[in-house]
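Shown next, in structure tokens, is the structure this report addresses.
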Amino acid sequence: MLQRPVESPQFNGSQFPSILESHGGAISMDGRGRAIDNVLVERLWRTIKYEPTYLSPASSGTEVGEVLARYIEFYNAGPLYDGLGGKAPE
């Protein structure tokens, strides 16, 4: 039988921050539930879910992988963004 950890979830427990700090890391969130910490990644996943997935649904798991790989390649190398000084995310 699996035993549950005594502490709260792994990222809120006391061990995670100390291990992170011992490796030179820091917790990035400014406060509980701070939405802007992940806004760029959330926006990317929203775009990935909508554009290549909902607009042209795949018929198999293999096709899903191929469509997502093509879209991520397009996203990284294709469009130029003002916020990146006119460069692509790649």
Side-chain angles (χ1 to χ4, degrees):
M1 180 162 102
L2 293 174
Q3 293 201 355
R4 292 199 161 302
V6 175
E7 295 194 297
S8 59
Q10 66 183 19
F11 299 112
N12 295 332
S14 61
Q15 292 178 343
F16 179 73
S18 62
I19 292 170
L20 187 62
E21 289 170 3
S22 72
H23 287 87
I27 295 176
S28 68
M29 289 187 66
D30 293 333
R32 184 176 177 177
R34 178 95 184 211
I36 63 170
D37 284 344
N38 294 320
V39 71
L40 297 176
V41 172
E42 293 294 334
R43 179 64 184 156
L44 170 63
W45 282 116
R46 185 243 174 243
T47 302
I48 287 174
K49 286 192 317 188
Y50 182 75
E51 290 186 16
T53 309
Y54 296 145
L55 295 179
S56 50
S59 60
S60 70
T62 303
E63 189 178 347
V64 169
E66 293 168 355
V67 167
L68 292 177
R70 280 195 309 270
Y71 187 80
I72 290 171
E73 184 177 324
F74 158 77
Y75 181 88
N76 282 333
L80 305 179
Y81 294 93
D82 292 336
L84 298 175
K87 298 178 183 174
E90 191 174 59

Closest heavy-atom contact between Pro52 and Thr47? CD-O, 3.5 Å

Where does the angle between the aromatic ring planes of Tyr54 and Tyr50 fall among parallel (under 30°), tilted (30 to 60°) and perpendicular (over 60°)? perpendicular

Do Tyr75 and Leu68 sit in the same hydrophobic cluster, where Ile, Leu, Val, Met, Phe, Trp and Tyr count as joined when their side-chain heavy atoms come under 4.5 Å apart? yes

Working to the nearest 0.5 angstrom, can you tell me the gap between Leu44 CG and Ile72 CD1? 7.0 Å

Does the pair Val64 and Thr53 meet the rule for a side-chain contact (heavy atoms from CB on, under 4.5 Å), with working shown? CA-CA 8 Å; Val64 169; Thr53 309; over 6 Å; no

Report, as yes or no, whether the 6.0 Å neighbourhood of atom CD on Glu63 holds more than 12 heavy atoms from other residues, nucleotides or ligands. yes

So how far is it from Asn76 CG to Phe74 CZ, rounded to the nearest 0.5 Å? 10.5 Å

